[in-house]
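Have a look at the structure below, then the notes.
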Amino acid sequence: MVIDARQLYNELTAFLESRHIPDADFDARCIMEQVTGKSLEMLFISGISSEDENPIRNMTQRRAFHEPLQYILGEWEFYGMRLFVGKGVLIPRPDTETLVDSVLTWCKNREISHIIDLCTGSGCIALALKQHLPNVKVTAVDFSQYALDYAKKNAEYHHLDIDLIHADVLDKATLSSFLENPADVIVSNPPYLDYDDMAELQTEVRHEPASALAGGKDGLRFYHGITNLWKNILKSGGLLAYEIGETQAHSVTEIMKSHAFQNVQTVRDLAGNDRVIMGKKSSEH
Ligand code: GLN
């Protein structure tokens, strides 16, 4: 049996609106397109097969309870790539594309052989870099096996060969296996929310792993730890590049300078917020 797609779309949009879902029409569209594999415009013409109605209604129900759309769809786009996401892994944010852009710009016209991505999560940064720098060895590290499972699935799906390491980036012991293989670039989008941010999370973000968000009382725990430990794995003249929360530019710049990083710069994201801090390891290290 075929049902009227426009009627269903209007009904689902109104339902999500009544549950205070912003962009309810966009979410209803994404769900209908995901289940059917067709564009909404096509569905308006062809109608929807009744066997697709139940999965669509179930997914809409989950969204009405403010589960993130990205988890419901099971995939999201980052830097032009479709990535699998789900419970237990941070959803890649558009802001993080600024970090990828900054690193790629720095790598242009330089001889780069090894990039390490710390706290890789879904693998979004590591995979975007590998896709644009296919001859560079990319190593991605995360503490969460859930996250690494997604990163592995994403790497396989895109046929990108990156090394995935299950380890704590703040544990000195993790460094031992890297001493033989120093990096030209170390990049990280670590957890950086402070206690106040964590107390005020949007309902959707509460579905994401706290371990990927919480950066200690002041949000700076990982910047201190990573800078202090991983500078030892960076080649002289190599780049350390972080994503930061928009109010952390000053603090993270000071942390990097206190470890003798040079040319420490701030890069803004498309919304005009401070989003990336990057600097060069000085040769006297
Ligand atoms: N940008 C994320 C947020 O605002 C935080 C991600 C992180 O801590 N690295 O929810």
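Every number for a ligand or one of its atoms is a count from 1 in the order of the listing. A quick note: this is a predicted structure, and the numbers were derived from the prediction, not measured.
Within 6.0 Å of CD in Gln7 there are 12 or fewer heavy atoms belonging to other residues, nucleotides or ligands. Within 6.0 Å of CG on Leu270 lie no more than 12 heavy atoms contributed by other residues, nucleotides or ligands.
Of the heavy atoms in Ala212, only backbone atoms (N, CA, C, O) come closer than 4.0 Å to ligand 1. Using a 4.0 Å cut-off between heavy atoms, Arg93 contacts ligand 1 through its side chain alone, with no backbone atom that close.
At least one N or O atom of Pro190 sits closer than 3.5 Å to an N or O atom of ligand 1.
Atoms of ligand 1 lying under 4.0 Å from at least one heavy atom of Leu213, given by number and element, are 5 (C), 8 (O), 10 (O).
When only non-hydrogen protein atoms are considered, atom 1 (N) of ligand 1 lies nearest to Tyr192 OH, 3.0 Å. Considering only non-hydrogen protein atoms, atom 4 (O) of ligand 1 sits nearest to Leu193 CD2, 4.3 Å.
For Tyr192 and Tyr242, the ring centers sit 6.0 Å or farther from each other. Between Trp230 and Phe178, the distance from one ring center to the other falls under 6.0 angstrom.
For Arg82 and Tyr157, the positive end is not near the middle of the six-membered ring at less than 6.0 Å and at most 45° from its axis.
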